[in-house]
Amino acid sequence: MAIVIAGFLKVPEDKLDYLLQAGRELVLASRAEPGCKAYVWSSISAEPGIIQVHEHWQDEASLTAHFAGPAYLGTLKLLAEMGEIEADFNKFRVDAIEAIFDDEGNPRADFFTA
């Protein structure tokens, strides 16, 4: 079952660019790991100092391997360098995935292809 992680980091504005640059190689390394479907850090222009984080993992095994791997451990080290930061993350098990748009091109909130 796929797993999505969503959350944010709140860092001092003067450290935002440094964190994004220093984290770039760690993000790329995470994306290259087996089972990683998406791994994104993105700053939010409307909220300076906020980095939105989105991850999509194929399954629990791939996420477990990520947590034990060098990219994740490097990320923990990098975040520790930032000192006191606010973070909020949740993981979600995904039991159904389908397109947003139906055959007529209409966006649908319901799951309609079952």
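Here the shortest heavy-atom pairing between Ser45 and Pro48 reads O-CD, 4.1 Å. The two residues Ala68 and Leu73 make their nearest non-hydrogen contact at O-CD1, 3.8 Å. The two residues Ala96 and Phe111 have their closest heavy-atom pair at O-CE2, 3.7 Å. A pairwise comparison of heavy atoms in Leu20 and Ser43 identifies CD1-CB, 3.8 Å as the closest pair. The two residues Leu9 and Ala87 have their closest heavy-atom pair at CD2-CB, 3.8 Å. The two residues Ile85 and Pro12 make their nearest non-hydrogen contact at CG2-CD, 4.5 Å.
Distance CD1/Ile3 to OG1/Thr64: 7.0 Å, rounded to 0.5 Å. Thr113 OG1 to Ile97 CD1: the interatomic distance, rounded to the nearest 0.5 Å, is 11.0 Å. Once rounded to the nearest 0.5 Å, the distance linking CD of Glu13 with CD of Glu47 reads 11.0 Å. Here Leu26 contributes atom CG and Thr75 contributes atom OG1; the two are 4.0 Å apart, rounded to the nearest 0.5 Å. Glu86 contributes atom CD, which lies 7.0 Å from atom CD1 of Ile50 (distance to the nearest 0.5 angstrom). Between atom CG of residue Leu19 and atom CG of residue Leu79 there is a gap of 6.0 Å, rounded to the nearest 0.5 Å.
Within a 6.0 Å radius of CG in Asp14, more than 12 heavy atoms belonging to other residues, nucleotides or ligands are found. Environment of CD in Glu98: crowded, with over 12 heavy atoms of neighbouring residues, nucleotides or ligands closer than 6.0 Å. The 12-atom threshold is not exceeded at CD of Gln21, counting heavy atoms of other residues, nucleotides or ligands nearer than 6.0 Å. Heavy-atom neighbours of Arg31 CZ from other residues, nucleotides or ligands within 6.0 Å: above the threshold of 12.
Here Phe67 pairs with Tyr72 under the ring pair (Phe, Tyr, Trp, His ring centres under 6.0 Å) rule; sequence neighbours left out.
As a member of the Ile/Leu/Val/Met/Phe/Trp/Tyr network built from side-chain separations under 4.5 Å, Phe112 groups with nothing else and remains a singleton.
Cluster membership for Leu28 and Val53, using ILVMFWY side-chain heavy atoms within less than 4.5 angstrom, is not shared.
Met1 is not listed as a side-chain neighbour of Trp57, based on a closest heavy-atom distance of 4.5 Å or more. Between His66 and Ser30 the shortest side-chain heavy-atom distance falls below 4.5 Å. Using a 4.5 Å heavy-atom cutoff, the side chains of Asn90 and Phe92 are in contact.
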Could you walk me through whether Gln58 and Lys37 pass the side chain to side chain contact (heavy atoms under 4.5 Å, CB included) check? CA-CA 7 Å; Gln58 179 176 320; Lys37 305 286 189 179; 4.1 Å; yes
What's the verdict on side chain to side chain contact (heavy atoms under 4.5 Å, CB included) for Trp41 and Arg24, showing C-alpha distance, side-chain angles and the deciding distance? CA-CA 9 Å; Trp41 285 11; Arg24 184 177 187 281; over 6 Å; no
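In this structure, Gln52 contributes its side chain and Gly7 its backbone to a donor-acceptor pair below 3.5 Å.
Annotation: Tyr39 is not in aromatic contact with His54 [ring centroid separation under 6.0 Å not met].
The one candidate from Val27, Ile5, Val40 that meets the side-chain contact (heavy atoms from CB on, under 4.5 Å) condition with Glu55 is Ile5.
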